Structures are given as C-alpha cells and as structure tokens.
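As the structure lists them, so they are numbered: ligands from 1, and atoms in each ligand from 1. Just so you know, these numbers come straight off a predicted model, no measurement behind them.
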Amino acid sequence: MKFTTFADRLDEIEAESGDLETIQQVAALLAAADAELPVVARFVQGRVFPAWSTSTLDIGPSLCYTAIARAAGPNVSTDDIESQLADRGEIGAVAESYEFGDQQGLAAFGSGGTTGLTITEVDDELRALAATDGAGSQDQKIDRLFGLFRQCSPLEARYLARLVLGEMRIGVGEGAVRDAISEAFDQPPEAVSRALQVTNDYGEVAAVARDEGQAGLDSLDLELGRPVQSMLAQAGTAADALDSWGEAAAEIKFDGARVQIHVEEGEEPDGIGMVSIYSRNMDDVTAALPDIVDFVERTVTDPCIIDGEVVAVDDTGDPLPFQHVLRRFRRKHDIEQMRDEVELRLDAFDCLRVGSQSLLTKTLGERHRHLVNVLGDSDAVADLLLSDNPDELAAFEADALEAGHEGIMLKNPQSTYSPGDRGQNWLKRKPDVETVDLVVTGAEWGEGRRASFLGTFLLSVREPETDSYRTIGKVATGITDEKLAELTDLLEPEIQSESGQTVDIHPSVVFEVGYEEIQPSPTYSSGYALRFPRFITVRTDKSPADAETVERIERLAESQ
Ligand SMILES: Nc1ncnc2c1ncn2[C@@H]1O[C@H](COP(=O)(O)OP(=O)(O)OP(=O)(O)O)[C@@H](O)[C@H]1O
C-alpha cells in the first residue's frame, strides 16, 4: 500500500465523527491491506512497534522539528516550526503546511506531487532509525527522518509527524481497531479481544485473524519474553467484596513498583534460562534490578511468568515508601552503587504461566498454588488469607497498616487473570488520601528566584476513544525548589511550544496528585477540576497510557 493511500484514508477517518462509521472505515482499510496488514494495524493507532516490544523510536519533539525544518528548506528554522505550532496547535498541521524538497522537484516534472513511498518503506525506515545507537545517533535519526519528510506530500507529512511523535489522534482508539479487526475478517469479537490480551500486538492479531481465522486466534497465547498488561484493581471495601463473592482472598497491598518477571527455559543443571523483568507499562527494567534477577535465578526452578511488586526495605526488612523504589527502578547508571543504598525485595502475588502451560484461565487459588511451587519455600510469595468473615478481614487490614503497608487487596478467589483489565475482581483498599495519576501537558515558567524553573504544571486526563487529552487542573503546591529543578530537567526536552510564560508539553510524564475533592468545572476541558491539588511524585513507572481517563474521573466524582 502506498503511504499516500494510507494518508488519504486516515484523512477520511479523521473527518468521521460516528463511532460505527469509524470502525467500518478502519475495517475497510485493514481489508485493503496485503502483506503490510500488520503495519497498517499498528500505524492506524500511531504505533510503529507492538506494545510488548521494548523498541522505541526515541524521537522527541525537538528532533522531529529539526527534521521538518530541514525538509522544508533553508528558509525554515526550528524556531519557525515552534511558532507555527503555537498558532496551529498540533504538529500534523504544521508539517502539512510545507511543500517539502522532493515534492517541489517532482511537481516541476509534472508528477503532480504524488510520492512513491510505500507504507512498508516508511516502516522499514522508522525501524532502522530506532536501531541507531551510540555516538552520532541523534544526527543519524534526524537524517533518516528528514529523508522521509522530504519524500512526503503535505498530507503524508501530517500523519508521519504525528506517527513519529506518537500523537496520531484521528479518533481511533484501541477498541475501534479491535472491532475493526473483528469486522474486517469476520471473527468473533471475544476471540479477537482474547488474542489481543495475550499478544499485545494488533498487527499480529490482524494478520492471524485474516490468514488463520478463529482457530489461529485461539492458538495465540502468552509467550516467555513478551510481557502482557497487568491486571488492575478498583477501589473497594471488604463489605463490597463479601457482598459480591461471599468469600474474599486478601493480600497486603505492597507500596512498590509492579513487575512481571519472565523466566525462560534453559540448560541443565538448573533448567532455567534468561530472566527478564518488565514494568507495568511493559518496559524492560531487568538491567536496573540485578538483585531481583539474582534472587529469581537462585530460587525459581521452572520457566514461568510471575506477577508481583518490588518494594524498597530498610535494614530490618520493613517496607519503605514507594519513592525509594523509584530511585532504583529505571536507573541506567550507578546501578551497583544504588543496589547497596536501596535494598529491594520481591513480593510475588500471581503466576501467569508455568512451563508451557498458560494459567490465565485458572482461578486465583490455582494460580497461587503454582506460584508457591515455582518460588519454593522462599518468603517472596505474598500471604493470602481466604476468608468470609468481615472481622477477620478488618484485622488483616489493621495488621497490614500497622506493619507499614499502604493497604490491602481483596480478590475474587474464583476469578481468572484478565490482562489490562481494571474490573470488579480485584479491589484495592487503602485508607490514605485520594490520589490520581495525571499527564503533564503544559507548564508555566516561574518568577523571580524561580524564573529558570517550570513552576505551575497543567494536568490532563486521557480520552481513550479519541486518543487525546483533556485538562483537569494545575498543580503548584507540594514541590520543593530541588524537586522543581528536577522536574524542569525532566520536562524541558518535552516542550512543544512557548508563548510568554506558558509552555505546551508533549504528553509523556505522569504526576501522582493528591486532592480533596473532584468538582465539576467549566474551566477545564475534562469538565472537572481538583480541589486542593497537591504534587505527590512523578510516576516514572507509568506512561500516559496508564493515566486516569475522563470516565474514571467521572466515576470518582460520582462516588465521593
Ligand atoms: N497484592 C497485590 N496484588 C495486586 N496488586 C498489588 C498488590 N500489592 C500491591 N499492588 C499494586 O497495586 C496496584 C493495584 O492498584 P491499581 O490497579 O489501581 O494500580 P495503581 O493505579 O498503580 O494503584 P496505586 O496508585 O494505588 O498503586 C497494582 O498495579 C500493583 O502495583
């Protein structure tokens, strides 16, 4: 498929406002694809790599602007791109406003500006760009991206710019692509959903749905070395749990960072091979956690996938707050030194696969038995209390808080493991202040002594259906000068445009924010505002995709 055909289709899809019509148009686009179907299924949601892959393009706004400015010709500077962005509001519209180098040449020869780029060529080039590494890699990335832009028509440039910055925003969320796969290849929606849950790869699932039908979809399963999304929880109480299930499985809610540990098969004598550790948003964090890798290698005897939490502990083994774990979690330098400074332990609470057997459809009780088997008699397995007695559950919670944990989890003992699902089968109970995880989409430079720091941060929630962000408030309190300096370092490279004191920020950083109440608000585009928002921490373990949605805020507001 020509990239220009793909861009034309995206333009039509973007103009469509009806959900059903959008799904039909995406289905038609998928059905029209040939060998490039996996690429089409990923690109349409603004992805080059499947969600499980640890590869990233690593193209920040400024790199992208430089490539566009170069392709636009000698009279256009990166500053021009930024000021255009302030006017036009999004990078696609800016990229589209230029006639790029090769286009002008082609037009002169009467080609009418059509380009020869295929979608596969764009994919190959972006993958080659992602693979550049080491000294000079930034320049190579700019060269490659410039090379692509200069072959683009204005409409192609609109979508290429959005694709490389992960901001496709054509109103096609994951649900729409899932339904479109089902519709295009006439497969049951449940079979497509299940296949997506276990593979996290819309490209692969689309191709299997088309080429192998339902039998192929059903045969897709968890694979070692390919992370799946974590099962998530809703807020709830022991009374809710007992009302719904009669009996509840209670565990401590550990205040650490979620990990999914994949232990591959290996040679004798111990039979286990490579150990990989993934964060909750499926990033590979193995290198930062050598002590956890050592522990797993010493303890685990079978290939498996373990779900759990890594927690920082003090000299006596008592848990330390979450902030301590973050000092280790994504660290790229001084790993050994930090290993001595911040001790970590694993608290494992689930097992998704053992040997070649997937456990997703087994009950919590069965999965827990497998977990005990793979971790032997180590104390890394979270205690699980099965009870139908509210007093016993209340005592368990009191003990957990007394021991310094943040709360408890209540789980339906009969439930299966549904990756990525924030359903009714896992409830979290923590008595502390409410917090929400919000994406930073803007900020303001400070004044006086703080003029070189970003001070007030504009926060947004996600709108998954349209793959966009809606504002919910600003936070400026709870932040020390030292922290402001850190936040400025973190956010400055993500600045998209500036106007006076105010900057627009590429959505990439997630703040945990405390609040007293959620109120309706005409000021912010989500329709809500936070009362007394207070900065708690940067959730480096989360990406914008994990932040709160408008729908969740609505539910929180209703349940206050
Ligand atoms: N025993 C446990 N079982 C499941 N999850 C646990 C457990 N102990 C701690 N957790 C953590 O609690 C989280 C469940 O709450 P939720 O799904 O709302 O995620 P969250 O948004 O990260 O919540 P929070 O900010 O409260 O940690 C899990 O993602 C996991 O990191």
Subject >> Numbering as shown, the atoms of ligand 1 that approach I252 to under 4.0 Å (heavy-atom distance) >> reply: 1 (N), 2 (C), 7 (C), 8 (N)
Original post:
Near K542, which atoms of ligand 1 are under 4.0 Å from a heavy atom of that residue?
Top reply: 20 (P), 21 (O), 22 (O)
Original post:
For ligand 1, which part of R280 has a heavy atom less than 4.0 Å away: the side chain, the backbone, both, or neither?
Top reply: side chain
**OP:** Heavy-atom distances under 4.0 Å are what count here, so tell me which part of F254 touches ligand 1: side chain, backbone, both or neither.
**Re:** both
Original post:
Taking atom types as modelled, is there a side-chain donor on S387 or E392 under 3.5 Å from an acceptor on the other?
Top reply: yes
**OP:** Measure the distances from the heavy atoms of F322 to every atom of ligand 1 and state whether one is below 4.0 angstrom.
**Re:** no
Subject >> Smallest separation among heavy atoms of Q424 and W245, with atom names >> reply: O-CZ2, 3.1 Å
Original post:
Does some side-chain heavy atom of E397 sit less than 4.5 Å from a side-chain heavy atom of R429?
Top reply: yes
Subject >> Heavy-atom closest pair, residues I277 and D284 >> reply: O-OD1, 3.4 Å
Original post:
So which protein heavy atom does atom 5 (N) of ligand 1 come closest to, and at what separation?
Top reply: F349 CZ, 3.4 Å
Subject >> Polar contact flag for E512 and ligand 1 (N/O pairs, less than 3.5 Å) >> reply: no
**OP:** Indicate, as side chain, backbone, both or neither, the part of R539 found under 4.0 angstrom from ligand 1 when only non-hydrogen atoms are considered.
**Re:** side chain
**OP:** Using modelled atom types only, decide if a donor and an acceptor are shared between the side chain of R162 and the backbone of E90 within a distance under 3.5 Å.
**Re:** no
Subject >> atom 26 (O) of ligand 1 - nearest protein heavy atom and its distance >> reply: K430 NZ, 2.7 Å
Subject >> Considering all heavy atoms, the nearest H368-L384 contact >> reply: ND1-CD1, 3.5 Å
**OP:** Could you find the nearest protein heavy atom to atom 28 (C) of ligand 1 and give me its residue, atom name and distance?
**Re:** R258 NH1, 3.1 Å
Subject >> For K411, the ligand 1 atoms whose distance to one of its heavy atoms is below 4.0 Å >> reply: 2 (C), 3 (N), 4 (C)
Subject >> Taking atom 10 (N) of ligand 1 as the reference point, the nearest protein heavy atom with its distance >> reply: E309 OE1, 3.6 Å
Expected list for residues 332-340: side-chain donor-acceptor pairs under 3.5 angstrom, two or more places apart:
residue, atom, partner, partner atom, Å
Q337, NE2, E341, OE2, 3.3
R339, NH2, D294, OD2, 2.9

**OP:** May I ask you to check whether A233 has an N/O atom sitting below 3.5 Å from an N/O atom of ligand 1?
**Re:** yes
**OP:** Would you please say whether a donor-acceptor pair under 3.5 Å links the side chains of E190 and S193?
**Re:** no
**OP:** If the plane angle is over 60° it's perpendicular, under 30° parallel, otherwise tilted; pick one for F349 and F254.
**Re:** parallel
Original post:
Can you tell me if Q234 has a non-hydrogen atom under 4.0 Å from ligand 1?
Top reply: no
Original post:
Between R552 and ligand 1, is there a nitrogen or oxygen pair with a distance under 3.5 Å?
Top reply: no
Original post:
What is the closest protein heavy atom to atom 16 (P) of ligand 1, and at what distance does it sit?
Top reply: R422 NH1, 3.6 Å
Subject >> Which residue and heavy atom of the protein sit nearest atom 15 (O) of ligand 1, plus the separation >> reply: K428 CD, 3.5 Å
**OP:** To the nearest 0.5 angstrom, please state how far the CD atom of Q234 sits from the CG atom of L556.
**Re:** 10.0 Å
**OP:** May I ask you to check whether E264 and H262 show a side-chain donor-acceptor distance below 3.5 Å?
**Re:** no
Original post:
Is it the case that D19 and T22 place a side-chain donor and acceptor less than 3.5 Å from each other?
Top reply: no
Original post:
Of the backbone atoms (N, CA, C, O) and the side-chain heavy atoms from C-beta on, which set of K253 has a member under 4.0 Å from an atom of ligand 1: side chain, backbone, both, or neither?
Top reply: both
Original post:
Does an N or O anywhere in E251 fall below 3.5 Å from an N or O of ligand 1?
Top reply: yes
